[in-house]
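To keep things clear, I will list the structure first and then write my remarks on it.
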Amino acid sequence: MLPWTTLDTAILPDGSGTLRLKQRGGEFSIMLGSNELMNSRLSGSEEALAGLTCQRLAGRPRPSLLIGGLGMGFTLRAALAALPPDAAVEVAELIPEVAQWARGPMTPVFGGCLDDPRVTLSIVDVAAAIAAAEDRYDAILLDVDNGPEGLTIAANDRLYGEAGLGIAKAALRPGGVLAIWSQGPDHGFTRRLKAAGFATEEHSVRASRTGRGARHVIWLATRR
């Protein structure tokens with residue numbers, strides 16, 4: 001078996017850790033310490049995050065989406081495949097190196113999706129992008145941690161608390177969807193979503209598009 005090679009590293013903005021981009025043959029992995037945050041072989045649940053969300057937006061004119069976290073582009077690519085030509089997709093990525101990797105060694109994984117005219121990529125904290133919006137988005141998709149807690153960046157905790165959910169709700173248009181990816185269930189978070197006034201669904205999806213691998217969780221929280 002081919003060994004893993006570290007291609008690059010990126011220090012987290014708060015200095016709490018270092019991301020490592022690794023490659024083995026045609027496979028890529030992004031690690032934080034001993035935690036694998038993403039792998040190019042496992043895209044099923046990230047694609048489901050986009051697919052389930054876009055189903056809820058069917059028929060909306062000129063849908064506007066905010067995706068928090070570029071990752072390996074799986075959510076973005078799936079959203080673009082499902083959205084109409086007049087859609088607008090903003091991607092908020094906090095770590096500049098991740099964007100550089102997308103246009104560098106991981107170019108084959110991204111398949112040119114960043115060049116789609118519907119896409120705007122900004123190096124910005126998604127929490128700041130959400131806070132600056134009001135009745136702007138038809139959907140906000142968050143895949144910036146391994147669940148509704150700040151694993152990658154501790155400050156991300158504010159996205160998932162009572163105040164953060166209220167800010168996200170205000171950034172959505174009526175009937176808009178807040179979609180959140182998680183490595184596993186969190187019943188307390190489900191309760192917080194409902195307490196914030198969202199109509200809430202919880203979906204269990206496989207990590208792999210083949211229907212195998214670990215089960216991940218996607219929350220779809222709709223602004224009433």
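This structure is a prediction, so every number in the text was calculated from the model and none was measured.
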* Test log, rule salt bridge (charged side-chain N to carboxylate O under 4.0 Å, His left out), inputs D116 and R77 -> CA-CA 10 Å; D116 190 298; R77 289 176 63 180; over 6 Å; no
Minimum heavy-atom distance [X]-[Y], with the two atoms named:
| X | Y | value |
| --- | --- | --- |
| A79 | A50 | N-CB, 3.5 Å |
| M106 | G71 | CE-O, 4.3 Å |
| L172 | V177 | CD2-O, 3.6 Å |
| S40 | M72 | N-SD, 3.4 Å |
| G104 | T107 | O-OG1, 2.7 Å |
| L70 | A102 | CD2-CB, 3.9 Å |

Donor on one side chain, acceptor on other, [X] and [Y], under 3.5 Å:
| X | Y | result |
| --- | --- | --- |
| S29 | E36 | yes |
| T120 | E90 | no |
| W219 | T190 | yes |

Establish whether [X] and [Y] are linked, either directly or via other cluster members, by ILVMFWY side-chain heavy-atom contacts under 4.5 Å.
| X | Y | answer |
| --- | --- | --- |
| V109 | V98 | yes |
| Y160 | I167 | yes |
| M38 | I218 | yes |
| V205 | L42 | no |
| L37 | L12 | yes |

Can you measure from [atom1] ([X]) to [atom2] ([Y]) and round to the nearest 0.5 angstrom?
| X | Y | atom1 | atom2 | value |
| --- | --- | --- | --- | --- |
| I180 | I140 | CD1 | CD1 | 9.5 Å |
| M31 | T6 | CE | OG1 | 9.5 Å |
| R136 | I130 | CZ | CD1 | 11.5 Å |
| W4 | R20 | CH2 | CZ | 11.0 Å |
| E27 | L2 | CD | CG | 10.0 Å |
| R118 | C113 | CZ | SG | 10.5 Å |

- request: For D115 and R103, run side chain to side chain contact (heavy atoms under 4.5 Å, CB included): C-alpha distance rounded to whole Å, both residues' side-chain angles, the deciding distance at 0.1 Å, then the answer.
  value: CA-CA 10 Å; D115 298 319; R103 293 192 179 277; 3.2 Å; yes
Indicate yes or no: at least one non-hydrogen side-chain atom of [X] is less than 4.5 angstrom from one of [Y].
| X | Y | result |
| --- | --- | --- |
| I30 | N39 | no |
| T9 | L19 | no |
| D8 | W101 | yes |
| L57 | L65 | yes |
| L94 | V124 | no |
| L142 | W181 | no |
| E202 | P185 | yes |
| L114 | L76 | yes |

* Taking it one step at a time, do F28 and L21 satisfy side chain to side chain contact (heavy atoms under 4.5 Å, CB included)? -> CA-CA 7 Å; F28 293 89; L21 174 64; 4.3 Å; yes
Spell out, as yes or no, whether a donor-acceptor pair under 3.5 Å connects the side chain of Q23 to the backbone of G25. yes
| field | Backbone N/O of A163 and side chain of R158: donor-acceptor pair under 3.5 Å | value | no
Other residues, nucleotides and ligands only: do more than 12 of their heavy atoms fall within 6.0 Å of CD1 on I11?
no
For K169 and D135, what are the C-alpha separation, side-chain angles and deciding distance, and is it a salt bridge (charged side-chain N to carboxylate O under 4.0 Å, His left out)? CA-CA 8 Å; K169 188 177 179 181; D135 290 330; over 6 Å; no
| Would R173 and S64 satisfy side chain to side chain contact (heavy atoms under 4.5 Å, CB included), going step by step from the backbone distance to the final call? | CA-CA 10 Å; R173 295 168 179 165; S64 176; 4.1 Å; yes
inquiry  = Applying salt bridge (charged side-chain N to carboxylate O under 4.0 Å, His left out) to R60 and D138, what does each step give before you reach the verdict?
reply    = CA-CA 9 Å; R60 287 200 173 211; D138 294 290; 2.5 Å; yes
### Message
What verdict does the side chain to side chain contact (heavy atoms under 4.5 Å, CB included) test give for R215 and R206, after you've listed the backbone C-alpha separation in whole Å, the side-chain angles of each residue and the deciding distance to 0.1 Å?
### Response
CA-CA 5 Å; R215 286 192 177 275; R206 291 287 190 181; 3.5 Å; yes
